[in-house]
Amino acid sequence: MRHAETVTFGGSGLDRAAELRADPAALAEAAQDPRARCVLLWRGKPLVEGADALRLSRLAADHPVLIDAPGAPLFLGREDGAPVFARDLTEWRPEDFDETQLGGFFDPSEQRHPALAADQRFAELRRVMTRLSPRDAELAATARALFGWHATHGFCARCGAASDLAQGGWQRVCPACGGHHFPRTDPVVIMLITHGNSALLGRSHGWPAGLYSCLAGFVEPGETIEAAVRREVFEESGIGVGPVRYLASQPWPFPASLMIGCHGEALDATIRLDPVELDDARWVSREELTDVFAGTRTDMVPAREGAIAHFLLRNWLADRLD
Ligand SMILES: [Zn+2]
């Protein structure tokens with residue numbers, strides 16, 4: 001698909017400078033570089049600034065707010081030759097902090113630290129992702145995924161001992177057994193299934209009223225992408241799928257997925273719903289879906305902008321899957 005990499009989080013060609021990760025002296029030198037900049041996260045929310053033209057904030061390495069970020073910096077790469085690190089301010093507790101606002105899909109709350117500029121605030125990435133440049137989105141997604149992995153993988157999966165961050169944050173190493181552990185990325189297939197002029201859309205239990213999207217599911221060990229597409233669609237909807245082709249992928253750091261967008265051709269149109277997996281599934285024609293995206297239907301809401309499902313469906317409607 002020619003437009004594949006224009007998806008949100010589609011990548012910006014960031015120079016990840018992986019050759020520096022195994023060189024502690026080079027990493028230390030990069031950290032001391034006066035051009036070095038830090039992106040900052042708090043509980044997975046990136047620090048952003050600006051209004052309509054939203055930007056990911058880049059702080060000088062000696063910014064006073066970083067006193068509240070005692071953890072090791074992660075090395076994300078280089079921009080125009082300048083090192084870029086990520087720091088985590090999660091231990092900071094804002095005043096008047098309402099814990100219940102966090103964790104929602106579109107957490108509307110924003111947090112401002114007194115040591116930062118007035119327009120700098122921590123914002124939920126899913127809420128602001130479509131307003132960031134590809135570079136800012138790539139940096140934010142990478143940092144969020146890496147911090148999330150470190151926060152939940154502090155102990156060696158082989159022997160249970162506490163492990164140490166290594167390689168600028170791109171590994172954890174176990175001092176007890178010598179095991180090396182790498183940040184995980186979980187592959188998920190998400191598929192545009194078509195039958196003639198219609199696409200198969202479904203909704204999970206608990207989704208907002210009327211929201212329909214492409215079917216999706218985790219790839220299992222020992223399974224190809226194509227087999228995962230056919231299995232998930234059959235399990236959830238009873239629809240058999242013939243030819244499957246890859247379209248586009250999307251890093252989805254909530255917390256650690258790689259969405260693999262595919263197109264599959266249905267062999268038949270009779271839906272046999274699995275009520276445990278799905279709340280509903282239906283065939284939606286191009287004309288109906290055009291109305292859904294135009295907001296002129298009251299019974300359906302389309303997949304959210306920024307999600308790869310939205311991207312696949314929009315491109316299908318525009319006849320741009322090639
Ligand atoms: Zn170990």
Side-chain angles (χ1 to χ4, degrees), residues 3 6-10 45 52 54 100-110 123-132 137 141 188-218 229 232-233 235-239 247-255 257 259-264 266 269 271-321:
H3 301 94
T6 61
V7 70
T8 301
F9 299 127
K45 298 168 75 164
D52 290 338
L54 202 65
T100 60
Q101 290 185 310
L102 298 180
F105 196 93
F106 277 132
D107 165 15
S109 70
E110 296 186 334
E124 165 57 42
L125 184 53
R126 275 170 292 206
R127 191 168 60 81
V128 299
M129 60 189 175
T130 59
R131 294 164 58 198
L132 295 173
V188 175
V189 285
I190 182 162
M191 37 279 177
L192 170 67
I193 301 298
T194 59
H195 191 258
N197 189 47
S198 295
L200 179 65
L201 299 183
R203 52 175 281 109
S204 293
H205 300 285
W207 280 10
L211 178 62
Y212 280 78
S213 186
C214 298
L215 303 191
F218 286 104
V229 168
E232 283 287 344
V233 174
E235 284 177 1
E236 296 186 349
S237 70
I239 301 283
L247 293 175
S249 65
Q250 180 186 47
W252 191 247
F254 308 102
S257 294
M259 309 301 290
I260 303 169
C262 295
H263 178 214
I271 294 174
R272 292 176 295 278
L273 191 73
D274 177 349
V276 175
E277 293 258 356
L278 290 182
D279 178 47
D280 189 25
R282 60 168 78 167
W283 291 103
V284 180
S285 71
R286 283 176 186 269
E287 293 74 21
E288 290 172 313
L289 192 61
T290 300
D291 290 342
V292 171
F293 275 115
T296 57
R297 286 181 60 129
T298 55
D299 61 328
M300 287 183 74
V301 178
R304 293 182 176 94
E305 190 178 0
I308 192 172
H310 182 109
F311 178 81
L312 296 178
L313 292 168
R314 281 276 193 200
N315 278 283
W316 176 62
L317 288 180
D319 207 14
R320 296 203 316 175
L321 296 183

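When reading the values below, keep in mind they use all heavy atoms of this one structure, side chains included, and skip hydrogens, waters and symmetry mates. Computed from a predicted structure; not experimentally measured.
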> What heavy-atom pair brings Val233 and Ser237 nearest, and what distance separates the two atoms?
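That closest heavy-atom pairing would be O-OG, 2.7 Å.
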> How many angstroms lie between atom CG of Leu215 and atom CD of Glu232, to the nearest 0.5 angstrom?
8.5 Å
> Are Val292 and Tyr212 side-chain neighbours, meaning at least one heavy-atom pair lies under 4.5 Å?
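Result no, sub-4.5 Å side-chain heavy-atom pair not found.
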> To the nearest 0.5 Å, what is the distance between OG on Ser204 and CG on Asp280?
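So the gap between those two atoms works out to 11.0 Å.
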> For Arg297, which residues count as a salt bridge (Lys or Arg N to Asp or Glu O under 4.0 Å) partner, sequence neighbours excluded?
Glu288, Asp299
> Keeping Trp283 on the side-chain end and Ala269 on the backbone end, is there a donor-acceptor pair under 3.5 Å?
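Side chain of Trp283 to backbone of Ala269, a donor-acceptor pair under 3.5 Å: yes, one is there.
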> To the nearest 0.5 Å, tell me how far Arg314 CZ sits from Ile308 CD1.
15.5 Å
> Test your reading of the model: is there a side-chain donor-acceptor pair from Ser285 to the backbone of Asn197, 3.5 Å cut-off?
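The answer is no, because no donor-acceptor pair under 3.5 Å joins these two groups.
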> If we only count heavy atoms from C-beta on, is the Arg127 to Lys45 side-chain gap below 4.5 Å?
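Heavy-atom side-chain distance check fails, nothing below 4.5 Å.
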> Taking the inter-plane angle between the rings of Trp252 and Phe9 on a 0 to 90° scale, is it parallel (under 30°), tilted (30 to 60°) or perpendicular (over 60°)?
perpendicular
> Does the side chain of Leu132 reach to within under 4.5 Å of the side chain of Leu125, using non-hydrogen atoms?
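Counting from C-beta outward, Leu132 and Leu125 do come under 4.5 Å.
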> Run the numbers on Leu313 and Leu201 for side-chain contact (heavy atoms from CB on, under 4.5 Å), then give the verdict.
CA-CA 10 Å; Leu313 292 168; Leu201 299 183; 3.9 Å; yes
> Distance from His263 atom NE2 to Leu247 atom CG, nearest 0.5 Å?
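Reported value, rounded in 0.5 Å steps: 7.5 Å.
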> Which atoms form the tightest heavy-atom contact between Ala123 and Val128, and what is the distance?
CB-CG1, 3.9 Å
> How long is the gap from NE2 on His3 to CZ on Phe311, to the nearest 0.5 Å?
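Spacing of NE2 (His3) from CZ (Phe311) equals 8.0 Å.
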> Students often mix this up, so state it plainly: with edges at 30° and 60°, are the rings of Phe293 and His310 parallel, tilted or perpendicular?
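Rings of Phe293 and His310: perpendicular, as their planes differ by over 60°.
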> How far apart are the closest heavy atoms of Ser257 and Val188, and which atoms are they?
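Taking every non-hydrogen atom into account, OG-CG2, 3.8 Å.
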> Asp279: what forms a salt bridge (Lys or Arg N to Asp or Glu O under 4.0 Å) with it, not counting sequence neighbours?
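Result, salt bridge (Lys or Arg N to Asp or Glu O under 4.0 Å) vs Asp279: Arg203.
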> Under the side-chain contact (heavy atoms from CB on, under 4.5 Å) criterion, do Ile193 and His195 qualify, and how do the steps go?
CA-CA 7 Å; Ile193 301 298; His195 191 258; over 6 Å; no
> Mind checking the CE-OG spacing from Met300 to Ser213? Nearest 0.5 Å is all I need.
9.5 Å
> Between Met191 and Leu200, is the side-chain contact (heavy atoms from CB on, under 4.5 Å) condition met? List the steps.
CA-CA 9 Å; Met191 37 279 177; Leu200 179 65; over 6 Å; no
> Quick check: does any side chain N or O of Gln250 sit under 3.5 Å from a backbone N or O of Thr8, one acting as donor and the other as acceptor?
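At least one qualifying donor-acceptor pair exists.
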> Which atom pair, heavy atoms only, marks the closest approach of Ala199 to Leu192?
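Taking Ala199 first and Leu192 second, the nearest heavy atoms are CB-CD1, 3.9 Å.
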> Can you check whether Pro208 reaches Arg304 side chain to side chain, under 4.5 Å on heavy atoms?
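Of all side-chain heavy-atom pairs linking Arg304 with Pro208, at least one is under 4.5 Å.
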> Would you say Glu124's side chain and Arg126's backbone share a donor-acceptor pair under 3.5 angstrom?
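Judged by distance alone, yes, a pair lies under 3.5 Å.
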> On a heavy-atom basis, which atom in Thr130 and which in Gly306 lie closest, and how many Å separate them?
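Shortest heavy-atom separation between Thr130 and Gly306 comes out as CG2-CA, 3.5 Å.
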